[in-house]
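Worksheet: the structure to be examined is printed underneath.
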Amino acid sequence: MKFKHALLAATLLSVPLGAEAQPANPPPVTGLYVSIGGGGNILMDEHLVGTTGAASNASLRSRIGGVGVVALGYGLGNGIRLEFEGDYRSNRFSEGRDFGFPAAAGGNEVKYGPMFNAVYDLTGLINFPYAAPYAGVGVGYQWAHFDQAHAYGGQTGFPRFDSDDTRGALAYQAIIGAVIPFQFLPSLATTIEYRFLGLADRDYDFTSTAGPGAVTPGKLKFGNDFNHSLLIGLRYNFGAPPAPAPETPMPVAAPAPAPARSYLVFFDWDKASLTDRARAIVKEAADASTHVQTTRIEVNGYTDTSGTPKYNQGLSVRRARTVAAELVRDGVPQSAISIQGLGETHLLVETGAGVREPQNRRVEIVFH
């Protein structure tokens, strides 16, 4: 570890990096976190099922409503998160359809209840430098309350159906979202989510009024309860690492460094070809080899962790051979060079598996 730190420090003092620094993917969530979000909810038409006659295809249409979600979760550090969530949705009915007569509607449907979610952070599969995408599924139980819900026809207001009942049902949901951490406060992040929530069938008590004073109680069974929600929120991770300390500014004037005994050449992701900047660094290393006493030049290739270990081993060897060939073209004897590929071992920047880290995609040229 001390050797790696000394190697990095010597290289940064002697030559610029072979590739511009790129922002790394936000790491997977580790430990306990809380989140809160709110936004809009679209309730699809709710259909009556098990009815006969003119109302056999009847449904209630609603306006766009609101949604709020609060969750307590735990990240396992490998991309998997488990959540316990409470949610609230409300939509106002606006129209009755296919009742056999032109029907208006009113009242609200209010849904609330607990959900248990399993979420997977996709940082190892999708490379978004500033955002961490994720996807998940959930199951739970929701209470759906008809708050003075009603449908009625014509100018006379009859026939009329009224319900002020609450029924529970099994629920399921799918989640797609992304989290954007705050640069100087890694524990806090903004979340953007799409959610699909569905409920099973429910039977509601209702009254049917054919005319003044003609009230008949009964039950209506509603089938699909499909919801599309878009939410924006905040998440606080109690296990997030602290923000990095500000970098110490370089001195305005510094003595010229002695010729370096090691150089770093960086590569683009999944590439073994040299950039123009990388060729310049190899040329500088070749020129420096004539000014320092050397007996052997090691060319060691490395990769990040975004591929399989077997693939990364081969890629590291190809990178080392590319740099060695460029050294020979720049005048270094082939006999003075030894080549080895070390794959995703000896990371310059420690990361988890499946992370694209630019500073780990490198070849080290070491003079002995």
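These figures come from a predicted structure and were not determined experimentally.
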I'd like to check [X] versus [Y] (side-chain heavy atoms, cut-off strictly below 4.5 Å). Are they in contact?
X    : Y    : result
S62  : R92  : no
R167 : H145 : no
D225 : Q142 : no
F93  : R61  : no
F226 : L197 : no
E46  : S59  : no
N91  : N108 : no
V355 : D304 : no

Parallel, tilted or perpendicular: which describes the rings of [X] and [Y], with under 30° parallel and over 60° perpendicular?
X    : Y    : answer
F206 : F161 : tilted
H228 : F196 : tilted
H150 : Y152 : parallel

Going only through I, L, V, M, F, W and Y residues with side-chain contacts under 4.5 Å, is there a path from [X] to [Y]?
X    : Y    : answer
L231 : Y134 : no
I42  : I176 : no
F182 : Y236 : yes
M44  : I64  : yes
V69  : V110 : no

Worked verdict on K111 versus Y88 for side-chain contact (heavy atoms from CB on, under 4.5 Å): CA-CA 6 Å; K111 289 186 290 291; Y88 180 91; over 6 Å; no

Quick one: does any side-chain atom of [X] pair with a main-chain N or O of [Y] as donor and acceptor, under 3.5 Å?
X    : Y    : result
R319 : K271 : yes
T322 : A272 : yes
R202 : A200 : yes
N224 : D45  : yes
E357 : T351 : no
N312 : G307 : yes

If every non-hydrogen atom of [X] is compared with every non-hydrogen atom of [Y], which pair is closest and at what distance?
X    : Y    : value
S306 : R356 : CB-CG, 3.6 Å
S163 : Y204 : OG-CB, 3.9 Å
P358 : F266 : O-CD2, 3.5 Å
A324 : I339 : CB-CD1, 3.5 Å
G301 : A320 : N-CB, 3.8 Å

Looking only at the side chains, is there a donor atom on one of [X] and [Y] sitting less than 3.5 Å from an acceptor on the other?
X    : Y    : value
N78  : Y120 : no
Q340 : N300 : yes
S187 : N237 : no

Validation: residues 32-39 side-chain donor-acceptor distances under 3.5 Å, sequence neighbours left out:
residue, atom, partner, partner atom, Å
Y33, OH, R81, NH1, 2.9
Y33, OH, E83, OE2, 2.8

Aromatic contact, W269 with F267 (centres under 6.0 Å): no

Verdict with supporting geometry, L327 and V282, side-chain contact (heavy atoms from CB on, under 4.5 Å): CA-CA 6 Å; L327 285 170; V282 175; 3.7 Å; yes

Pi-cation contact, Y302 with R362 (under 6.0 Å, within 45°): yes

Atom CZ of R321: over 12 foreign heavy atoms under 6.0 Å: no

Heavy atoms of other groups near L234 CG, more than 12 under 6.0 Å: yes

Name of the residue among D165, D203, D205 meeting side chain to side chain donor-acceptor pair (under 3.5 Å) with K219: D205

Should the pair [X]-[Y] be classified as a salt bridge under the 4.0 Å nitrogen-to-oxygen rule?
X    : Y    : result
K283 : D330 : no
R235 : E193 : no
D87  : R195 : no

Derivation of the ring-ring contact (aromatic ring centres under 6.0 Å, His included) call for F146 and F222: CA-CA 11 Å; F146 274 6; F222 281 83; 5.2 Å; yes

Stepwise side-chain contact (heavy atoms from CB on, under 4.5 Å) check, N360 with T303: CA-CA 6 Å; N360 289 335; T303 70; over 6 Å; no

